[in-house]
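Here is the naming used below: chain letters follow the sequence lines, and residue numbers restart at 1 for every chain. Fair warning: this is a prediction, and the values are worked out from it, not measured in the lab.
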Amino acid sequence: MSLGTEATTGHRFALVDVNNFYVSCERVFDPRLADRPVVVLSNNDGCVVARSAEAKELGIKTGTPWFQLAPEAERMNLVARSSNYELYGDMSARVMEVIGRFGAWQEVYSIDESFLGLPAAAEPAFAATARAVREAVRRLVGVPVCVGVAPSKTLAKFANHIAKHNGHLDGVCSLGSLPAADLERLAARLPVTEVWGVGARTGEKLAGQGIQSVADLAAADPARIRKKFSVNLQRTVLELRGTACIAPIDERADAHQIMFSRSFSTPVDTVAAMADVMTVYAQAAASRLSARGLQTAVVTAFAGTSRFAAGEASNPSVSVPLPEPTDDPIAIVRAAVAGLEARLVPGVRYVRAGVVLSGLTRAGAARQGEFDLFGTPDDDGAPAAGRDAQAAANLGSLLGDVKARFGQASIGLGAGGVQVPADWSMKRQYSSPKYTTEWKDLPVAKA
DNA sequence: TCTGGGGTCCTAGGACCC
DNA sequence: TCTGGGGTCCTAGGACCC
(Lines give C-alpha, C1' and ligand atoms only; values in the text may rest on other atoms or scores of the structure.)
Protein backbone atom coordinates (compact mmCIF):
# COMPACT_ATOMS: atom_id res chain seq x y z
CA MET A 1 0.00 0.00 0.00
CA SER A 2 1.49 3.31 -0.95
CA LEU A 3 0.42 6.88 -0.48
CA GLY A 4 -2.91 7.75 -2.03
CA THR A 5 -1.98 9.51 -5.18
CA GLU A 6 -3.63 7.13 -7.65
CA ALA A 7 -6.66 9.38 -7.60
CA THR A 8 -6.13 11.58 -10.61
CA THR A 9 -9.55 13.17 -10.64
CA GLY A 10 -11.44 15.19 -8.08
CA HIS A 11 -10.74 18.29 -6.10
CA ARG A 12 -7.57 18.93 -4.16
CA PHE A 13 -6.49 20.48 -0.88
CA ALA A 14 -3.70 23.02 -0.94
CA LEU A 15 -1.84 23.84 2.25
CA VAL A 16 -0.21 27.25 2.05
CA ASP A 17 2.09 28.42 4.81
CA VAL A 18 4.49 31.28 5.30
CA ASN A 19 8.13 30.32 5.72
CA ASN A 20 9.48 31.33 9.14
CA PHE A 21 6.45 33.58 9.50
CA TYR A 22 7.50 35.89 12.35
CA VAL A 23 10.97 36.39 10.92
CA SER A 24 9.55 37.01 7.46
CA CYS A 25 7.22 39.71 8.86
CA GLU A 26 10.15 41.47 10.52
CA ARG A 27 12.11 41.36 7.26
CA VAL A 28 9.38 43.05 5.24
CA PHE A 29 9.99 46.28 7.14
CA ASP A 30 13.69 45.94 7.90
CA PRO A 31 15.75 44.90 4.87
CA ARG A 32 18.89 44.81 7.01
CA LEU A 33 17.60 41.49 8.32
CA ALA A 34 17.77 39.85 4.88
CA ASP A 35 20.28 37.00 4.56
CA ARG A 36 21.23 37.28 8.22
CA PRO A 37 20.51 34.81 11.00
CA VAL A 38 17.44 36.18 12.80
CA VAL A 39 15.41 34.81 15.71
CA VAL A 40 12.13 36.00 17.19
CA LEU A 41 11.73 35.54 20.94
CA SER A 42 8.78 34.53 23.09
CA ASN A 43 7.19 36.89 25.58
CA ASN A 44 9.66 38.29 28.12
CA ASP A 45 12.33 37.61 25.51
CA GLY A 46 12.43 34.16 27.05
CA CYS A 47 13.25 31.71 24.30
CA VAL A 48 13.41 31.30 20.53
CA VAL A 49 10.05 30.78 18.84
CA ALA A 50 10.97 31.49 15.21
CA ARG A 51 14.21 31.20 13.25
CA SER A 52 15.37 32.29 9.83
CA ALA A 53 16.96 29.68 7.58
CA GLU A 54 20.38 31.13 8.46
CA ALA A 55 19.65 30.76 12.19
CA LYS A 56 18.61 27.14 11.64
CA GLU A 57 21.89 26.54 9.82
CA LEU A 58 23.74 27.78 12.89
CA GLY A 59 22.10 24.93 14.79
CA ILE A 60 19.83 27.14 16.89
CA LYS A 61 16.79 25.16 18.04
CA THR A 62 13.28 26.36 18.79
CA GLY A 63 12.93 26.80 22.54
CA THR A 64 16.54 27.77 23.16
CA PRO A 65 16.61 30.32 26.01
CA TRP A 66 17.82 33.71 24.83
CA PHE A 67 20.14 34.14 27.83
CA GLN A 68 22.15 31.22 26.46
CA LEU A 69 22.46 32.76 23.01
CA ALA A 70 22.95 36.41 23.91
CA PRO A 71 26.66 36.22 24.80
CA GLU A 72 27.42 34.64 21.40
CA ALA A 73 25.01 36.73 19.32
CA GLU A 74 27.49 39.28 18.07
CA ARG A 75 30.04 36.68 17.07
CA MET A 76 27.35 34.78 15.15
CA ASN A 77 26.01 37.96 13.55
CA LEU A 78 22.69 36.92 15.09
CA VAL A 79 19.81 39.41 15.43
CA ALA A 80 16.96 38.95 17.91
CA ARG A 81 13.53 40.51 17.83
CA SER A 82 10.93 40.48 20.61
CA SER A 83 7.63 39.06 19.42
CA ASN A 84 5.37 41.73 17.95
CA TYR A 85 1.97 40.07 17.80
CA GLU A 86 0.15 43.15 16.58
CA LEU A 87 2.35 43.19 13.51
CA TYR A 88 2.09 39.44 12.89
CA GLY A 89 -1.67 39.42 13.36
CA ASP A 90 -2.15 42.18 10.84
CA MET A 91 0.26 40.65 8.32
CA SER A 92 -1.54 37.33 8.74
CA ALA A 93 -4.88 38.89 7.80
CA ARG A 94 -3.32 40.32 4.63
CA VAL A 95 -1.72 37.03 3.64
CA MET A 96 -4.95 35.09 4.23
CA GLU A 97 -6.97 37.50 2.13
CA VAL A 98 -4.62 37.07 -0.83
CA ILE A 99 -4.54 33.27 -0.51
CA GLY A 100 -8.32 33.15 -0.36
CA ARG A 101 -8.61 34.68 -3.82
CA PHE A 102 -7.30 31.47 -5.40
CA GLY A 103 -9.58 28.80 -3.93
CA ALA A 104 -13.15 27.59 -4.12
CA TRP A 105 -13.13 27.66 -0.32
CA GLN A 106 -10.61 28.53 2.35
CA GLU A 107 -9.97 27.31 5.85
CA VAL A 108 -7.57 29.44 7.85
CA TYR A 109 -5.82 26.96 10.08
CA SER A 110 -3.39 29.09 12.10
CA ILE A 111 -1.71 32.47 12.08
CA ASP A 112 0.50 31.42 9.18
CA GLU A 113 -1.28 28.51 7.46
CA SER A 114 -4.37 28.11 5.37
CA PHE A 115 -6.02 25.24 3.56
CA LEU A 116 -7.43 26.09 0.18
CA GLY A 117 -9.90 24.10 -1.91
CA LEU A 118 -8.95 23.59 -5.56
CA PRO A 119 -11.76 22.33 -7.82
CA ALA A 120 -11.16 19.26 -10.01
CA ALA A 121 -8.74 19.92 -12.85
CA ALA A 122 -5.94 18.33 -14.84
CA GLU A 123 -2.82 17.75 -12.75
CA PRO A 124 -0.65 20.54 -14.21
CA ALA A 125 -3.32 23.13 -13.30
CA PHE A 126 -2.84 22.42 -9.57
CA ALA A 127 0.84 23.28 -9.62
CA ALA A 128 0.11 26.35 -11.74
CA THR A 129 -2.38 27.64 -9.15
CA ALA A 130 0.09 26.90 -6.38
CA ARG A 131 2.76 28.93 -8.14
CA ALA A 132 0.30 31.78 -8.67
CA VAL A 133 -0.51 31.86 -4.94
CA ARG A 134 3.17 31.99 -4.10
CA GLU A 135 3.79 34.83 -6.55
CA ALA A 136 0.82 36.88 -5.41
CA VAL A 137 1.65 36.69 -1.70
CA ARG A 138 5.26 37.58 -2.45
CA ARG A 139 4.26 40.57 -4.57
CA LEU A 140 1.31 41.91 -2.54
CA VAL A 141 2.44 41.24 1.03
CA GLY A 142 6.15 40.55 0.69
CA VAL A 143 6.55 37.25 2.53
CA PRO A 144 7.59 33.84 1.08
CA VAL A 145 5.14 30.92 1.18
CA CYS A 146 5.32 27.22 0.35
CA VAL A 147 2.39 25.33 -1.13
CA GLY A 148 1.59 21.61 -1.00
CA VAL A 149 -1.27 20.13 -3.04
CA ALA A 150 -2.85 16.67 -2.56
CA PRO A 151 -6.15 14.78 -2.30
CA SER A 152 -6.38 15.11 1.51
CA LYS A 153 -5.31 17.60 4.16
CA THR A 154 -2.79 15.23 5.70
CA LEU A 155 -1.22 14.60 2.28
CA ALA A 156 -1.27 18.33 1.51
CA LYS A 157 0.74 18.87 4.68
CA PHE A 158 3.12 16.16 3.53
CA ALA A 159 3.43 17.76 0.09
CA ASN A 160 4.12 21.09 1.74
CA HIS A 161 6.91 19.49 3.74
CA ILE A 162 8.42 18.17 0.51
CA ALA A 163 8.10 21.61 -1.13
CA LYS A 164 9.91 23.17 1.79
CA HIS A 165 12.82 20.74 1.91
CA ASN A 166 13.58 20.31 -1.78
CA GLY A 167 15.01 23.49 -3.20
CA HIS A 168 14.60 22.51 -6.84
CA LEU A 169 10.79 22.47 -6.40
CA ASP A 170 10.84 26.22 -5.80
CA GLY A 171 8.43 26.12 -2.87
CA VAL A 172 5.63 24.28 -4.65
CA CYS A 173 4.73 20.57 -4.68
CA SER A 174 1.64 18.89 -6.09
CA LEU A 175 1.92 15.30 -4.95
CA GLY A 176 0.34 13.93 -8.12
CA SER A 177 3.01 15.42 -10.34
CA LEU A 178 5.86 13.85 -8.40
CA PRO A 179 7.40 10.72 -9.99
CA ALA A 180 6.05 7.68 -8.11
CA ALA A 181 9.52 6.37 -7.33
CA ASP A 182 10.54 9.67 -5.71
CA LEU A 183 7.41 9.69 -3.61
CA GLU A 184 7.92 6.14 -2.38
CA ARG A 185 11.51 6.88 -1.48
CA LEU A 186 10.50 9.98 0.49
CA ALA A 187 7.67 8.22 2.33
CA ALA A 188 9.94 5.33 3.28
CA ARG A 189 12.65 7.67 4.50
CA LEU A 190 10.67 10.23 6.48
CA PRO A 191 9.94 9.33 10.10
CA VAL A 192 6.29 8.85 11.01
CA THR A 193 6.43 11.81 13.40
CA GLU A 194 6.60 14.10 10.36
CA VAL A 195 2.97 13.22 9.70
CA TRP A 196 0.41 15.82 10.80
CA GLY A 197 -1.17 14.59 14.03
CA VAL A 198 1.58 12.17 15.01
CA GLY A 199 3.67 13.57 17.85
CA ALA A 200 6.59 12.19 19.80
CA ARG A 201 4.50 10.06 22.18
CA THR A 202 2.47 8.40 19.47
CA GLY A 203 5.66 7.99 17.47
CA GLU A 204 7.23 5.95 20.29
CA LYS A 205 4.15 3.79 20.60
CA LEU A 206 4.04 3.23 16.84
CA ALA A 207 7.70 2.25 16.80
CA GLY A 208 6.81 -0.48 19.28
CA GLN A 209 4.44 -1.85 16.63
CA GLY A 210 7.14 -1.74 13.98
CA ILE A 211 5.74 1.41 12.33
CA GLN A 212 8.63 3.82 11.77
CA SER A 213 8.15 5.69 8.50
CA VAL A 214 5.37 7.58 6.78
CA ALA A 215 5.08 4.66 4.36
CA ASP A 216 4.71 2.20 7.26
CA LEU A 217 1.79 4.17 8.67
CA ALA A 218 0.09 4.42 5.28
CA ALA A 219 0.36 0.64 5.00
CA ALA A 220 -1.03 -0.07 8.48
CA ASP A 221 -4.47 -1.61 9.01
CA PRO A 222 -6.87 1.25 9.88
CA ALA A 223 -9.11 -0.91 12.08
CA ARG A 224 -6.16 -2.13 14.10
CA ILE A 225 -4.85 1.43 14.46
CA ARG A 226 -8.22 2.56 15.77
CA LYS A 227 -8.26 -0.22 18.34
CA LYS A 228 -4.70 0.32 19.55
CA PHE A 229 -4.66 4.12 19.28
CA SER A 230 -7.59 6.38 18.49
CA VAL A 231 -10.13 7.37 15.91
CA ASN A 232 -7.91 10.33 15.04
CA LEU A 233 -4.98 8.18 14.06
CA GLN A 234 -7.27 5.94 12.05
CA ARG A 235 -8.37 9.00 10.09
CA THR A 236 -4.73 9.88 9.55
CA VAL A 237 -4.09 6.47 7.97
CA LEU A 238 -7.07 6.90 5.66
CA GLU A 239 -5.95 10.40 4.75
CA LEU A 240 -2.47 9.11 3.87
CA ARG A 241 -4.16 6.69 1.50
CA GLY A 242 -5.91 9.56 -0.23
CA THR A 243 -9.33 9.46 1.45
CA ALA A 244 -10.16 12.92 2.78
CA CYS A 245 -11.87 12.46 6.16
CA ILE A 246 -10.75 15.30 8.40
CA ALA A 247 -13.65 17.71 8.66
CA PRO A 248 -13.28 21.46 8.42
CA ILE A 249 -12.85 23.22 11.74
CA ASP A 250 -16.58 23.85 11.96
CA GLU A 251 -16.44 27.26 10.36
CA ARG A 252 -14.80 28.52 13.49
CA ALA A 253 -17.83 28.10 15.67
CA ASP A 254 -17.54 30.00 18.91
CA ALA A 255 -14.44 29.28 20.93
CA HIS A 256 -14.91 26.90 23.85
CA GLN A 257 -12.54 28.75 26.08
CA ILE A 258 -10.61 31.99 26.24
CA MET A 259 -7.29 32.07 28.02
CA PHE A 260 -4.98 34.86 29.01
CA SER A 261 -1.75 33.72 30.62
CA ARG A 262 1.76 35.07 30.83
CA SER A 263 5.10 34.40 32.43
CA PHE A 264 6.45 37.20 34.61
CA SER A 265 9.70 39.03 34.00
CA THR A 266 10.24 38.95 37.78
CA PRO A 267 8.71 36.30 40.08
CA VAL A 268 5.66 37.24 42.13
CA ASP A 269 5.76 36.14 45.77
CA THR A 270 3.14 38.17 47.60
CA VAL A 271 -0.61 37.80 47.71
CA ALA A 272 -1.03 41.53 47.02
CA ALA A 273 1.08 41.43 43.87
CA MET A 274 -0.74 38.31 42.64
CA ALA A 275 -4.04 40.12 43.17
CA ASP A 276 -2.76 42.86 40.86
CA VAL A 277 -1.73 40.23 38.31
CA MET A 278 -5.17 38.61 38.42
CA THR A 279 -6.84 42.01 38.09
CA VAL A 280 -4.91 42.75 34.92
CA TYR A 281 -5.12 39.25 33.38
CA ALA A 282 -8.82 38.80 34.14
CA GLN A 283 -9.55 42.13 32.45
CA ALA A 284 -7.56 41.09 29.41
CA ALA A 285 -9.54 37.85 29.18
CA ALA A 286 -12.81 39.72 29.75
CA SER A 287 -12.10 42.18 26.96
CA ARG A 288 -11.44 39.32 24.51
CA LEU A 289 -14.72 37.84 25.69
CA SER A 290 -16.79 40.95 24.99
CA ALA A 291 -14.95 41.60 21.73
CA ARG A 292 -16.29 38.23 20.52
CA GLY A 293 -19.78 38.89 21.86
CA LEU A 294 -19.58 36.02 24.36
CA GLN A 295 -20.36 35.45 28.01
CA THR A 296 -18.64 33.11 30.45
CA ALA A 297 -20.05 30.80 33.11
CA VAL A 298 -16.80 29.66 34.74
CA VAL A 299 -13.67 31.60 35.63
CA THR A 300 -10.53 29.53 36.21
CA ALA A 301 -7.48 31.20 37.75
CA PHE A 302 -4.10 29.52 38.04
CA ALA A 303 -0.49 30.24 38.91
CA GLY A 304 2.65 28.18 38.76
CA THR A 305 6.25 27.99 39.89
CA SER A 306 9.12 27.48 37.46
CA ARG A 307 9.67 24.02 35.98
CA PHE A 308 13.37 24.74 36.34
CA ALA A 309 13.41 25.92 39.95
CA ALA A 310 14.70 23.73 42.74
CA GLY A 311 12.34 23.13 45.62
CA GLU A 312 8.69 22.23 45.76
CA ALA A 313 6.46 23.00 42.82
CA SER A 314 3.20 24.83 43.45
CA ASN A 315 0.51 25.01 40.79
CA PRO A 316 -2.65 26.32 42.42
CA SER A 317 -5.75 26.40 40.24
CA VAL A 318 -9.37 27.24 41.03
CA SER A 319 -12.50 27.15 38.93
CA VAL A 320 -15.18 29.58 40.08
CA PRO A 321 -18.69 29.04 38.69
CA LEU A 322 -20.55 32.32 38.22
CA PRO A 323 -24.18 32.71 39.30
CA GLU A 324 -25.13 33.47 35.70
CA PRO A 325 -23.26 33.84 32.40
CA THR A 326 -21.71 37.28 32.13
CA ASP A 327 -19.16 39.41 30.34
CA ASP A 328 -18.97 41.86 33.23
CA PRO A 329 -15.27 42.58 33.82
CA ILE A 330 -15.89 43.40 37.47
CA ALA A 331 -17.50 40.03 38.20
CA ILE A 332 -14.76 38.20 36.30
CA VAL A 333 -11.96 40.07 38.06
CA ARG A 334 -13.54 39.44 41.47
CA ALA A 335 -13.89 35.73 40.83
CA ALA A 336 -10.28 35.41 39.65
CA VAL A 337 -8.75 37.44 42.49
CA ALA A 338 -10.76 35.89 45.32
CA GLY A 339 -10.45 32.37 43.93
CA LEU A 340 -6.70 32.32 43.59
CA GLU A 341 -5.81 34.30 46.70
CA ALA A 342 -7.07 31.52 48.93
CA ARG A 343 -4.79 28.93 47.36
CA LEU A 344 -1.46 30.70 47.11
CA VAL A 345 1.35 29.29 49.20
CA PRO A 346 2.93 32.23 51.03
CA GLY A 347 6.56 32.93 50.17
CA VAL A 348 6.58 30.76 47.04
CA ARG A 349 7.98 32.41 43.92
CA TYR A 350 5.40 32.17 41.15
CA VAL A 351 6.68 32.75 37.62
CA ARG A 352 3.46 32.52 35.66
CA ALA A 353 -0.28 32.86 36.01
CA GLY A 354 -3.38 32.92 33.90
CA VAL A 355 -7.14 33.23 33.66
CA VAL A 356 -9.32 30.86 31.62
CA LEU A 357 -12.94 31.63 30.77
CA SER A 358 -15.10 28.62 29.85
CA GLY A 359 -18.74 27.64 29.54
CA LEU A 360 -18.98 30.28 26.82
CA THR A 361 -22.29 31.30 25.29
CA ARG A 362 -23.35 34.08 22.96
CA ALA A 363 -24.21 37.21 24.89
CA GLY A 364 -27.97 37.52 25.26
CA ALA A 365 -28.69 33.95 24.18
CA ALA A 366 -29.61 32.76 27.68
CA ARG A 367 -31.48 35.91 28.45
CA GLN A 368 -34.15 35.50 25.80
CA GLY A 369 -37.57 35.24 27.38
CA GLU A 370 -36.06 35.05 30.82
CA PHE A 371 -37.88 36.84 33.57
CA ASP A 372 -36.16 37.68 36.82
CA LEU A 373 -38.70 36.81 39.51
CA PHE A 374 -36.62 38.01 42.40
CA GLY A 375 -35.21 41.25 41.12
CA THR A 376 -36.77 44.12 43.02
CA PRO A 377 -38.26 46.79 40.77
CA ASP A 378 -36.53 50.13 40.95
CA ASP A 379 -37.83 53.61 40.10
CA ASP A 380 -38.62 52.96 36.46
CA GLY A 381 -40.14 49.59 37.24
CA ALA A 382 -37.37 47.48 35.66
CA PRO A 383 -36.06 44.61 37.79
CA ALA A 384 -32.81 45.71 39.45
CA ALA A 385 -30.90 42.61 38.40
CA GLY A 386 -31.71 43.28 34.76
CA ARG A 387 -30.58 46.83 35.10
CA ASP A 388 -27.29 45.77 36.71
CA ALA A 389 -26.63 43.31 33.91
CA GLN A 390 -27.27 46.05 31.40
CA ALA A 391 -24.90 48.39 33.23
CA ALA A 392 -22.23 45.68 33.33
CA ALA A 393 -22.56 45.07 29.61
CA ASN A 394 -22.22 48.78 28.99
CA LEU A 395 -19.09 48.89 31.13
CA GLY A 396 -17.48 46.06 29.17
CA SER A 397 -18.04 47.72 25.83
CA LEU A 398 -17.13 51.15 27.20
CA LEU A 399 -13.74 49.85 28.35
CA GLY A 400 -13.27 48.27 24.93
CA ASP A 401 -14.10 51.50 23.12
CA VAL A 402 -11.78 53.61 25.24
CA LYS A 403 -8.91 51.16 24.79
CA ALA A 404 -9.45 51.03 21.04
CA ARG A 405 -9.23 54.79 20.86
CA PHE A 406 -6.62 55.68 23.46
CA GLY A 407 -4.54 52.52 23.83
CA GLN A 408 -4.45 49.45 26.05
CA ALA A 409 -3.09 51.22 29.14
CA SER A 410 -5.51 54.16 28.96
CA ILE A 411 -8.21 52.75 31.22
CA GLY A 412 -8.84 49.74 33.44
CA LEU A 413 -10.03 48.43 36.77
CA GLY A 414 -7.67 48.58 39.75
CA ALA A 415 -4.13 47.70 38.77
CA GLY A 416 -5.32 47.49 35.17
CA GLY A 417 -5.56 51.26 34.94
CA VAL A 418 -1.98 51.93 35.93
CA GLN A 419 0.26 53.44 33.27
CA VAL A 420 3.60 52.53 34.85
CA PRO A 421 4.21 48.82 34.25
CA ALA A 422 4.50 46.65 37.37
CA ASP A 423 7.87 44.97 37.85
CA TRP A 424 6.41 41.57 36.94
CA SER A 425 5.04 42.82 33.63
CA MET A 426 6.36 41.75 30.27
CA LYS A 427 9.84 42.49 29.00
CA ARG A 428 10.21 43.23 25.28
CA GLN A 429 13.65 44.62 24.82
CA TYR A 430 14.08 44.10 21.08
CA SER A 431 10.66 44.96 19.74
CA SER A 432 10.06 46.32 16.27
CA PRO A 433 7.45 49.07 15.72
CA LYS A 434 3.79 48.26 15.03
CA TYR A 435 4.30 49.27 11.41
CA THR A 436 0.83 48.46 10.18
CA THR A 437 -1.47 49.07 13.15
CA GLU A 438 -0.26 52.33 14.77
CA TRP A 439 -0.25 55.64 12.91
CA LYS A 440 2.81 56.80 14.81
CA ASP A 441 4.72 53.68 13.71
CA LEU A 442 3.92 54.00 10.04
CA PRO A 443 7.15 53.48 8.08
CA VAL A 444 8.46 56.46 6.12
CA ALA A 445 9.68 55.91 2.57
CA LYS A 446 12.26 58.27 1.12
CA ALA A 447 12.61 58.65 -2.63
C1' DT B 1 19.32 35.83 37.63
C1' DC B 2 17.08 34.79 32.76
C1' DT B 3 13.46 28.66 29.70
C1' DG B 4 6.20 30.92 25.45
C1' DG B 5 1.09 31.19 24.83
C1' DG B 6 -3.31 29.64 23.19
C1' DG B 7 -5.98 26.42 21.64
C1' DT B 8 -8.54 21.65 20.17
C1' DC B 9 -9.98 16.91 20.53
C1' DC B 10 -10.28 12.26 22.55
C1' DT B 11 -10.49 8.91 26.22
C1' DA B 12 -11.11 6.94 30.67
C1' DG B 13 -13.40 6.91 34.75
C1' DG B 14 -16.73 8.38 38.18
C1' DA B 15 -21.44 9.95 39.39
C1' DC B 16 -25.91 9.36 38.61
C1' DC B 17 -30.23 7.60 36.78
C1' DC B 18 -33.53 4.16 35.19
C1' DT C 1 -33.86 -4.58 49.87
C1' DC C 2 -30.68 -6.43 46.53
C1' DT C 3 -28.59 -7.05 41.86
C1' DG C 4 -27.17 -6.11 37.16
C1' DG C 5 -26.96 -3.71 32.82
C1' DG C 6 -27.07 0.26 30.08
C1' DG C 7 -27.15 4.93 29.27
C1' DT C 8 -25.76 9.98 29.92
C1' DC C 9 -23.13 13.62 31.63
C1' DC C 10 -19.14 15.65 33.47
C1' DT C 11 -14.26 16.18 34.42
C1' DA C 12 -9.34 15.40 34.41
C1' DG C 13 -5.62 14.26 31.89
C1' DG C 14 -3.13 13.22 27.75
C1' DA C 15 -1.73 14.29 23.17
C1' DC C 16 -1.28 17.21 19.55
C1' DC C 17 -0.97 21.50 16.84
C1' DC C 18 1.11 26.09 15.64
Side-chain angles (χ1 to χ4, degrees), chain A residues 15-22 39-51 60-71 80 82-85 88-89 92 108-115 153-154 157 160-161 192-206 226-236 246-250 252-267 281 284-285 288-289 292 297-298 300 302 304-310 315 317 319 321 349 351-360 423-424 426-430:
Chain A
L15 189 271
V16 187
D17 75 349
V18 182
N19 305 344
N20 317 323
F21 180 54
Y22 298 167
V39 293
V40 173
L41 305 175
S42 63
N43 287 330
N44 286 317
D45 299 335
C47 64
V48 172
V49 292
R51 308 159 294 157
I60 297 169
K61 303 275 182 250
T62 298
T64 307
W66 174 241
F67 71 84
Q68 289 176 2
L69 292 171
S82 302
S83 38
N84 182 348
Y85 288 104
Y88 312 147
S92 172
V108 176
Y109 179 70
S110 74
I111 194 165
D112 73 331
E113 290 181 39
S114 178
F115 288 106
K153 288 182 179 175
T154 304
K157 279 268 199 182
N160 182 282
H161 182 274
V192 71
T193 47
E194 292 294 335
V195 173
W196 186 40
V198 182
R201 300 305 280 271
T202 306
E204 276 172 34
K205 250 182 106 182
L206 282 168
R226 163 138 197 185
K227 214 166 145 198
K228 295 241 174 201
F229 294 86
S230 69
V231 62
N232 279 338
L233 197 60
Q234 180 188 35
R235 290 199 183 109
T236 299
I246 293 180
I249 320 167
D250 235 2
R252 294 282 161 171
D254 290 338
H256 296 144
Q257 57 170 240
I258 288 174
M259 166 155 46
F260 188 93
S261 84
R262 290 284 183 276
S263 294
F264 311 135
S265 56
T266 311
Y281 288 14
R288 286 183 192 173
L289 186 74
R292 298 188 199 184
V298 180
T300 301
F302 65 88
T305 47
S306 170
R307 303 198 308 277
F308 305 96
N315 294 285
S317 167
S319 289
R349 292 157 58 86
V351 300
R352 53 187 280 274
V355 173
V356 182
L357 307 180
S358 53
L360 306 185
D423 55 7
W424 45 264
M426 209 158 72
K427 192 169 74 183
R428 293 212 304 195
Q429 207 181 330
Y430 314 103

Which nucleotide sits closest to the side chain of A:N43: B:dG5, B:dT3, B:dC10? B:dG5
Minimum-distance nucleotide to A:V49 side chain [options: B:dC9, B:dG4, B:dT3]: B:dG4
Overall bend of the helix from B:dG5-C:dC18 to B:dC18-C:dG5 (five pairs an end, 10° steps) is 10°
Does B:dC2 have A:W66 stacked on its base, where the ring centres are within less than 5.5 Å and the planes differ by under 30°? no
Just checking, A:R262 and A:F260: is the charged tip under 6.0 Å from the six-membered ring centre and within 45° of the axis? yes
Hey, does the side chain of A:S263 come within less than 4.0 Å of B:dG5's phosphate (OP1/OP2), counting only N and O? yes
Parallel, tilted or perpendicular, as decided by the 30° and 60° cut-offs, for the rings of A:Y109 and A:W196: perpendicular
Measuring to OP1 and OP2 of B:dG6, would you say a side-chain N or O of A:S261 lies under 4.0 angstrom away? yes
Go through B:dG7, C:dC18, B:dG5 for me and flag the one nearest to the A:M259 side chain. B:dG7
In whole angstrom, give me the gap between the C1' atoms of B:dC17 and C:dT3. 16 Å
A:S265 side-chain N/O to A:K427 backbone N/O, donor-acceptor pair under 3.5 Å: no
Please determine whether a side-chain nitrogen or oxygen atom of A:R262 lies at a distance below 4.0 Å from atom OP1 or OP2 of B:dG6. yes
Can you tell me which nucleotide in B:dC2, C:dC18, B:dG5 comes closest to the side chain of A:S110? C:dC18
Nearest to the side chain of A:H256, which nucleotide is it out of B:dT3, B:dC10, B:dT8? B:dT8
Consider the side chain of A:S230, meaning its heavy atoms from C-beta on, and name the nucleotide among B:dG6, B:dT3, B:dT11 that approaches it most closely. B:dT11
By nearest-nucleotide position on DNA chain B, the 5'-leaning member of A:D45 and A:I258 is A:D45
Tell me which of A:R235 and A:G46 sits closer to the 5' end of DNA chain B, going by the nucleotide each one is nearest to. A:G46
So what does A:T202 touch, heavy atoms closer than 4.0 Å: a base, only the sugar-phosphate, or nothing? sugar-phosphate
Protein-nucleotides 12-14 of chain C N/O pairs closer than 3.5 Å?
none

Sticking with atom C1', work out how far C:dG4 lies from B:dC16, rounded to a whole angstrom. 16 Å
